[in-house]
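See structure below.
Model, not experiment: these values are computed from the prediction. Atoms considered below: every heavy atom in the structure, side chains included; atoms not considered: hydrogens, waters and symmetry mates. Naming: A, B, ... by sequence-line order, numbering from 1 per chain.
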Amino acid sequence: MLKVRLPDGQVVEHADGVSALEVLRAVSAALARRAVAVKVNDRVVDVHTRLTGPQVELRALTINDPEGLEVARHSCAHVMAEALCTLWPQTKLAYGPPVDNGFYYDVELDHNLTPEDFARIEAKMAEIVREDRPFRRYELPRAEAMKKLHAEGNPFKIDNAERADGDTLSFYVTGEPGTSHFEDLCRGPHVPSTKQVGAFKVMQVAGAYWHGDAAQPMLQRVYGTTFPDKKSLDAYLAQLEEAKRRDHRRIGQELGLFTISPLVGTGLVLWKPKGAIIRHILEEQLRTELVAHGYQVVYTPHIGRLDLYRTSGHFPYYKESQYPPLYESDRARELNRLWELARAARDDQATAEELDLFNSLAQRYDDVRRGGYPQDAPAEERLRRIRTWLEQEDGYLLKPMNCPHHIQIFCSDAHSYRDLPVKLAEFGQVYRYEQSGEVGGMTRVRGFCQDDAHVFCTPEQLPGEILECVDLSKFVLELIGLNDYRVRVALRDPDSDKYIGSPENWRLAEDALRSTVHGSGLKYTEEVGEAAFYGPKIDFVARDCIGREWQLGTVQVDYNLPERFALTYVGADNAEHRPVMVHRTLFGSMERFVGILIEHFAGAFPLWLAPVQVRVCSISEKSKTYAQRVYDLCRAATLRCELDNSDERIGAKVRLATLAKVPYILVVGEMEAANNTVNVRTREGKQYGDFTLPEFLAASAREITSRGQEALAGAGQTPAVSRG
RNA sequence: GCUGCUGUAGCUCAGUGGUAGAGCGCCUCCUUGGUAAGGAGGAGGUCAUGGGUUCAAGCCCCAUCAGCAGCUCCA
């Protein structure tokens with residue numbers, strides 16, 4: 001006999017080999033009907049799975065359980081695959097898993113699928129669902145299965161099978177085996193019947209590499225989703241609409257916050273006045289906070305000599321994602337080429353290409369000829385000589401990071417341990433040549449301004465400095481009300497060679513970060529292999545008001561650049577010591593941060609951040625003069641104010657101000673002019689009634705300085721009355 | 001970078017080989033009004049760019065540039 005333990009603790013007895021479905025039927029016919037899969041001892045399997053052993057734990061999964069939904073999504077992918085194969089018989093299926101929020105199926109198909117095809121695909125899927133066909137699993141010994149797959153000739157499925165574990169391979173038939181119904185190599189599990197795949201929708205189609213490998217052929221990835229019922233599908237679609245409605249590219253265009261001109265360049269943001277003011281306010285807030293924490297503000301240029309980045313390691317390590325260097329001369333260009341060749345060689349023997357280039361240069365330049373290029377010299381020596389020649393003429397790089405410049409500021413003075421920590425902050429513009437497919441809007445750009453800072457401190461000061469950075473990050477997140485955030489600790493992958501510096505330094509840095517984060521009480525996760533090439537880091541990940549996560553600031557510990565640049569300070573023992581650096585940004589980049597804020601607030605910025613805080617709307621020509629006076633006084637009180645003295649009617653003016661998401665609309669007519677008041681309406685449509693102008697100015701000033709803690713509505717006022 | 005889709009007025013978008021369109025915005029005039037659209041008129045376009053096919057191209061083909069989605073990458 002088999003003992004089956006159910007989730008409520010009940011234990012039922014059945015014959016060994018009974019199917020999970022039969023057990024469920026004995027418990028509840030309704031539950032058995034609703035089950036899309038079962039969980040047997042923590043493993044999700046088909047409801048037809050036969051149970052063996054002295055005792056098993058069994059739980060039915062319905063489509064409302066997250067794991068059941070995942071099974072339904074996987075099954076729905078099969079239904080979609082069948083639909084595709086029916087509509088386009090030449091379709092070759094590759095891989096179709098469930099994913100967050102849905103599923104996809106990668107297919108090879110000479111017809112390019114477009115959204116116009118979706119309705120047909122969905123109609124065919126609906127047909128398959130209506131047929132209420134069973135998902136039937138059968139298994140074949142590996143050799144036999146491989147023979148069958150080779151006979152069918154789908155290279156993707158053969159590949160999948162070769163990657164699968166186990167002595168047998170499983171197939172799922174949608175319908176009866178042996179009939180012409182759809183069949184697919186698949187690990188499962190699946191729902192019992194095609195009618196149980198939920199409320200589905202084909203969402204989009206895009207290219208995807210086989211195995212995510214750019215060298216592999218590009219397939220068509222058809223995305224779909226399915227939910228337990230129509231209502232939750234609609235809710236999901238509404239959420240997507242909401243995200244689209246908040247898209248910062250759309251809102252940025254509508255509200256005139258920023259623009260991108262192809263003539264200036266892809267990924268290069270032009271901040272229009274209304275976007276720039278938001279950034280300006282954020283920068284001011286942070287600068288004040290930084291100074292209070294002992295930071296010193298610096299400015300550095302947008303470019304630096306290549307040799308600076310050779311020392312830092314940024315060049316040519318990230319050459320692929322940098323704008324090409326600006327060479328001072330052809331000589332510099334060629335010497336840099338030689339340097340790159342020698343660097344790539346990393347050998348005691350110069351390559352033939354290297355020697356050819358050297359000889360060519362030696363013929364033209366005396367110092368190069370005199371310097372010579374011993375072909376059996378170690379690469380280090382060859383590199384050193386080339387850098388000597390490059391001292392005359394070199395190239396410049398648009399700076400990809402601010403740290404080398406800040407290091408040069410640190411280096412320009414001798415430092416005692418009494419001076420440390422030195423904390424240099426800059427809103428520093430950097431440039432990275434991101435792949436064209438990665439660029440878009442403000443959040444993914446090629447030129448951006450980091451709210452960057454570098455802390456130079458003693459090893460003993462490190463934990464305290466990390467903690468301060470973490471506190472500043474909290475300040476920034478809470479400043480704009482992103483109160484739901486977590487921390488990601490990014491560590492080195494010990495098996496990778498992309499990192500510079502000694503394992504000992506890495507251990508020190510990783511320990512310092514981990515213990516600080518642990519001690520801070522923040523929620524955090526550790527991720528191996530996500531560190532920067534010079535050190536481990538912690539990233540702040542915030543959740544916006546519709547639940548999306550965004551990576552913002554980062555704090556990175558660095559023992560390596562101080563070594564590369566031979567940074568020192570004099571200790572209490574009068575000996576030279578090496579400082580530790582902390583790189584940190586809080587907003588991340590101003591572009592990205594403001595982009596995220598646009599989406600978070602859906603363009604309706606709180607009063608203290610709103611590009612336009614107030615719009616004065618005159619009722620008629622008779623009140624134009626008074627409106628102008630109100631506008632002037634608002635401006636004089638430093639409110640960001642607009643005046644609508646057009647010939648439109650008040651309804652149209654209110655509508656336009658509302659669409660422009662101006663927080664306060666001041667309606668002024670003859671009555672207000674007579675009483676020296678303004679009639680206040682919000683962009684949400686609330687009418688706050690009449691305020692004297694000084695009352696309104698004082699209340700809005702309080703709202704601004706308190707950043708919304710003291711909102712205007714709290715002030716005493718008369719309720720809205722209709723007049724006419 | 002790769003694959004696909006898209007590119008028409010300042011913005012959003014119609015326009016399936018035969019005279020370049022709408023709404024919003026803008027300008028002018030009329031209207032003088034009370035909290036989400038008053039009325040009329042007008043200006044504004046080498047249909048992204050460059051080639052090609054055709055008697056004829058916004059439309060078909062090729063290339064380039066740009067945008068979008070996904071993949072890949074990301075100090």
Side-chain angles (χ1 to χ4, degrees), chain A residues 104 106 111-116 203-223 244 247 249-250 253-254 256 259-263 265-267 309 312-315 317-318 320-322 399-404 430 432-441 444 446 450 452 490 498-500 530-535 537 551 554 556 558 561 583 585 617-624 646-660 665-672 679-689 720-724:
Chain A
Y104 64 79
D106 283 349
H111 164 77
N112 283 326
L113 293 166
T114 66
E116 284 85 73
M203 302 293 291
Q204 56 177 340
V205 60
Y209 301 111
W210 180 231
H211 294 311
D213 178 352
Q216 296 282 343
M218 177 72 72
L219 304 169
Q220 298 191 66
R221 175 167 295 179
V222 189
Y223 283 89
K244 213 164 131 193
D247 191 314
R249 293 167 297 194
R250 205 176 81 95
Q253 160 72 14
E254 283 170 2
T259 189
I260 291 168
S261 156
L263 279 175
T266 296
Y309 301 105
S312 70
H314 293 108
F315 183 81
Y317 186 85
Y318 283 105
E320 293 311 306
S321 50
Q322 287 162 355
K399 69 178 173 187
M401 294 193 88
N402 298 303
C403 36
V430 296
R432 298 178 187 176
Y433 195 82
E434 304 291 354
Q435 296 186 61
S436 60
E438 272 313 307
V439 177
R444 299 179 310 184
R446 285 182 173 164
Q450 285 183 316
D452 211 354
K498 79 169 205 181
Y499 307 99
I500 59 174
E530 295 298 312
F533 75 92
Y534 50 75
K537 58 177 181 172
Q551 195 207 305
T554 177
Q556 313 182 345
D558 179 8
L561 285 182
H583 308 238
T585 115
C617 297
S618 52
I619 295 280
S620 77
E621 201 160 357
K622 300 192 192 82
S623 44
K624 270 189 178 180
S646 69
D647 289 340
E648 279 301 337
R649 299 193 177 179
I650 192 62
K653 293 187 186 187
V654 166
R655 176 172 181 269
L656 289 175
T658 305
L659 292 177
I665 302 163
L666 304 188
V667 176
V668 296
E670 289 176 278
M671 296 180 70
E672 287 77 12
N679 187 263
V680 180
R681 180 191 166 106
T682 71
R683 60 191 159 196
E684 290 81 22
K686 287 187 213 135
Q687 294 194 31
Y688 285 169
V721 290
S722 71
R723 269 159 281 188

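- Between B/C47 and B/G42, the distance separating the two C1' atoms is 23 Å to the nearest Å.
- Taking atom P in both B/A9 and B/C71, the straight-line distance is 31 Å, to the nearest Å.
- Between the side chain of A/Gln253 and the main chain of A/Arg250, no donor-acceptor pair closer than 3.5 Å is present.
- Here the side chain of A/Glu648 is nearest to one of B/C74, B/G38, B/U3, namely B/G38.
- Taking atom CZ of residue A/Arg655 and atom C1' of nucleotide B/G23, one finds them 11 Å apart after rounding to whole Å.
- Listed nucleotides B/A75, B/U35, B/G33 differ in distance to A/Tyr534; the shortest reach to its side chain belongs to B/A75.
- Nucleotides B/G34 and B/U49, compared at atom P, are 48 Å apart to the nearest Å.
- Within 3.5 Å, no donor on the side chain of A/Tyr209 pairs with an acceptor on the base of B/G70, nor the reverse.
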Could you pull out the protein-nucleic contacts involving nucleotides 48-50 of chain B (nitrogen or oxygen on both sides, under 3.5 Å)?
none

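- A/Gln322 comes within contact range of at least one nucleobase, with a heavy-atom separation under 4.0 Å.
- Taking atom C1' in both B/C59 and B/G52, one finds a spacing of 15 Å when rounded to whole Å.
- Judged by distance alone, with hydrogens and angles left aside, the side-chain atoms of A/Lys653 form a donor-acceptor pair with the main-chain N or O of A/Ser618 at under 3.5 Å.
- Residue-level contact check: A/Asp213 touches neither bases nor backbone, having no heavy atom under 4.0 Å from any strand.
- Checked against B/A75, B/G34, B/U32, the side chain of A/Glu621 finds its nearest nucleotide in B/U32.
- You'll find that the side chain of A/Arg681 is closest to B/U35, out of B/U3, B/U32, B/U35.
- B/C11 and B/G25: their C1' atoms are spaced 7 Å apart (whole Å).
- When atom types are taken as modelled, the side chain of A/Gln322 and the backbone of A/His314 share a donor-acceptor pair closer than 3.5 angstrom.
- The side chain of A/Lys622 contributes an N or O atom lying less than 4.0 Å from OP1 or OP2 of B/G33.
- Between the side chain of A/Glu254 and the base of B/G25 there is no donor-acceptor pair of N/O atoms closer than 3.5 Å.
- A distance-only check finds no donor-acceptor pair linking the side chain of A/Arg432 to the backbone of A/Arg446 [under 3.5 Å].
- Using modelled atom types, one finds a donor on one side chain and an acceptor on the other under 3.5 Å when comparing A/Gln556 with A/Tyr534.
- For the C1' atom pair drawn from B/G67 and B/A48, the interatomic distance equals 11 Å after rounding to whole Å.
- Pairing each heavy atom of A/Gly267 with each of A/Ile260, the nearest pair is N-CG2, 4.5 Å.
- Heavy atoms of A/Tyr317 sit nowhere under 4.0 angstrom from any nucleic acid atom.
- When the nucleotides B/U31, B/A75, B/C11 are ranked by their closest atom to the side chain of A/Arg649, B/U31 comes out on top.
- No donor-acceptor contact under 3.5 angstrom links the side chains of A/Glu648 and A/Ser646, judged on distance only.
- Checking B/A36, B/G34, B/U32 against the side-chain heavy atoms of A/Asp647 singles out B/U32 as nearest.
- The C1' atoms of B/C29 and B/U35 are separated by 26 Å, rounded to the nearest whole Å.
- Between B/C73 and B/G15, the distance separating the two C1' atoms is 40 Å to the nearest Å.
- Remark: A/Leu113 CG to A/Arg221 CZ distance equals 14.0 Å, nearest 0.5 Å.
- Consecutive pairing runs in RNA chain B reach the stem threshold at B:1-7 with B:65-71, B:10-13 with B:21-24, B:26-30 with B:38-42, B:48-52 with B:60-64, where a stem means at least three Watson-Crick or G-U wobble pairs with distances under 3.5 Å.
- Among the nucleotides B/C71, B/U35, B/U32, the one closest to the side chain of A/Ala208 is B/C71.
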Contact string for nucleotides 58-69 of chain B, one letter per nucleotide 5' to 3', B = base within protein heavy-atom range under 4.0 Å, S = sugar-phosphate only, - = neither, reads --------SSSS
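- Across B/C71, B/U35, B/A75, the shortest atom-to-atom separation from the side chain of A/Arg221 is found for B/C71.
- Residue A/Ile650 is in sugar-phosphate contact alone, with no base atom involved, counting any heavy-atom pair closer than 4.0 Å across all strands shown.
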